[in-house]
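Since the model is a prediction, treat every value here as computed from it, not as a measurement. In what follows, chains carry the letters A, B, and so on, assigned in the order in which the sequence lines appear, proteins first and then strands, with residues in each chain numbered from 1.
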There are 2 protein chains.
Amino acid sequence: MSRKEAKSPRKTAQEHPVKRALPRAGEGKRGVDGHLAYLLRQAHAAVRQALEKALAETGITHPQFVVLTLVRAYGDLSGAEIARLAVITPQTANTITTNLVRLGALARHPDPSHGKVLRLSLTETGRNLLARARPRTEAVERDLAATLPAEFEAPLRQWLVRVATDLGDPSRDR
Amino acid sequence: MSRKEAKSPRKTAQEHPVKRALPRAGEGKRGVDGHLAYLLRQAHAAVRQALEKALAETGITHPQFVVLTLVRAYGDLSGAEIARLAVITPQTANTITTNLVRLGALARHPDPSHGKVLRLSLTETGRNLLARARPRTEAVERDLAATLPAEFEAPLRQWLVRVATDLGDPSRDR
DNA sequence: TCCAGATTATCAGAGCCCTGATATATACGT
DNA sequence: ACGTATATATCAGGGCTCTGATAATCTGGA
């Protein structure tokens, strides 16, 4: 990986010109004593930024990658179905899919048995984009898995799922 | 906690008019077999939406609440310091603080020993907003803690912190 | 048959969050 | 003292996400 090989020790002294020492991630209230919601937010922000950085050269965003992956996994989907699967509102799904249609990665076509539903299908461009993006996100996924002790993975996954179901379902009644 | 008491069985039949049965949160690839990044995204989305819903009546957003909490916890902060603490870019921090200044919750004043830095301090309005918002977010925090087996809390917190430090640090070199 | 409710798609507006770029201010080595 | 590097604040632009509102479509029961 060789991320920061310290090509020169030009930053030996203080990191920032701040007067007070503020905690870095992992210290103080930013560490194990912080609110769970805050820690979850912080971890998610780090992962999202890592993913966006990994995808930058492909020309698609992380939400766009998620939608393409869902369409590939479940077959042609409607905007409403994408919204439910991705835990976003139908309006947000519409924003993302509209951008993907403009990019040529998705195509809309009417549902054969429902005059209002528009199904989204992957185009050749979309499949190519996904093929280029996938290894990059898998690298992040591996970095993420590397932070995880083996015996801790199963309970963690169960907890993440449980949070989504327990807190997510009540909020779906909008 | 009595979350889903099933007040009426008016939705007994199919949930949605979809032809194919798509997994709900917790099922299939949306469950314990999914990518960690996906599960983390899903859990975070659920928590964020729960928080936004809880804060809706207060007139502030969750990011605004986070910034107000940071200023309260660490004293007057600059925009750059807020960005580092909240794991967002300085530009984003500037957006949020500008909105909070417009709301009258924060006030900018020049740093006594640095002619460029603008420090942000809580106003009376800001303290009142925070006082009204805090119990609401604490309720969500309790719901979140309720999903957590006691012996699992410590390793979970450590993992969340580790993700932020391990994946967050390399991405800071922008 | 017809109407009420549910589902879907989409417009409008606002806030968050990013990248890129610009201008000012401080710190440090030469 | 000067110049480079570092920090900070902020403008501009675009994508994501939400709430609210509107219209079209379908389903099921009176």
For [X] and [N], what is the distance between atoms [atom1] and [atom2] respectively, to the nearest whole Å?
| X | N | atom1 | atom2 | value |
| --- | --- | --- | --- | --- |
| A:Leu77 | C:dT7 | CG | C1' | 16 Å |
| A:His114 | C:dT7 | NE2 | P | 11 Å |
| A:Leu118 | D:dT25 | CG | P | 11 Å |
| A:Arg119 | C:dT7 | CZ | P | 15 Å |
| B:Leu100 | C:dA14 | CG | C1' | 14 Å |
| A:Glu52 | C:dT19 | CD | P | 7 Å |
| A:Leu55 | C:dC18 | CG | P | 15 Å |
| B:Leu51 | D:dC18 | CG | C1' | 14 Å |

Review point. Are the charged groups of B:Arg132 and B:Glu57 less than 4.0 angstrom apart, N to O?
Key: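 A salt bridge is absent here (no side-chain N lies under 4.0 Å from a carboxylate O).
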Can you tell which of [options] lies closest to the side chain of [X]?
| X | options | answer |
| --- | --- | --- |
| B:Thr95 | C:dC16, D:dC16, D:dT19 | C:dC16 |
| B:Arg41 | D:dT17, D:dT8, C:dT19 | D:dT17 |
| A:Lys116 | D:dA23, D:dT17, D:dC26 | D:dA23 |
| B:Val117 | C:dG15, D:dA9, D:dC16 | D:dA9 |
| A:Ala80 | D:dT17, C:dT8, D:dT8 | C:dT8 |

Return no unless some side-chain N or O of [X] is found under 4.0 Å from OP1 or OP2 of [N].
| X | N | answer |
| --- | --- | --- |
| B:Ser78 | D:dA7 | no |
| B:Asn94 | D:dT10 | yes |
| A:Arg84 | C:dT8 | yes |
| A:Thr89 | D:dT17 | no |
| A:Thr92 | D:dC18 | yes |

Discussion item. For A:Lys116, is there any backbone N or O sitting under 3.5 Å from a side-chain donor or acceptor partner on A:His114?
Written reply: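 Between the backbone of A:Lys116 and the side chain of A:His114 there is a qualifying donor-acceptor contact (under 3.5 Å).
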**Asked** Looking across every strand, which nucleic acid part, if any, lies under 4.0 Å from A:Thr61 by heavy atom: base, sugar-phosphate, or nothing?
**Response**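 Contact class for A:Thr61: sugar-phosphate only.
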Worksheet item: Of A:Arg108 and A:Ala45, whose closest DNA chain C nucleotide lies nearer the 5' terminus?
Response: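 Its nearest nucleotide being more 5', the pick is A:Arg108.
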Can you work out whether B:Arg102 or B:Gln91 has the more 5'-proximal nearest nucleotide on DNA chain C?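 The residue closer to the strand's 5' end, by nearest nucleotide, is B:Arg102.
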**Asked** Of the residues in residues 122-134 of chain B, which ones touch DNA chain C at a heavy-atom distance under 4.0 Å?
**Response**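 Residues of residues 122-134 of chain B under 4.0 Å from DNA chain C: none.
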Check your understanding: If we ignore angles and hydrogens, is there a donor and acceptor under 3.5 Å between the side chains of B:Asn94 and B:Thr92?
Key ->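 No pair is found: no donor N or O on one side chain lies under 3.5 Å from an acceptor on the other.
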**Report entry** Flag for B:Arg108-B:Thr98: side-chain donor and acceptor within less than 3.5 Å
**Finding:**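 B:Arg108 and B:Thr98 do have a side-chain donor-acceptor pair below 3.5 Å.
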Please tell me if the side chains of [X] and [Y] come closer than 4.5 Å, counting only heavy atoms from C-beta onward.
| X | Y | result |
| --- | --- | --- |
| A:Leu77 | A:Val67 | no |
| A:Val47 | A:Glu52 | no |
| A:Leu100 | A:Leu68 | yes |

Before giving the answer on side-chain hydrogen bond (donor to acceptor under 3.5 Å, both in side chains), spell out for B:Thr97 and B:Asn99 the whole-Å C-alpha distance, their side-chain angles and the decisive distance to 0.1 Å. CA-CA 5 Å; B:Thr97 55; B:Asn99 284 334; over 6 Å; no
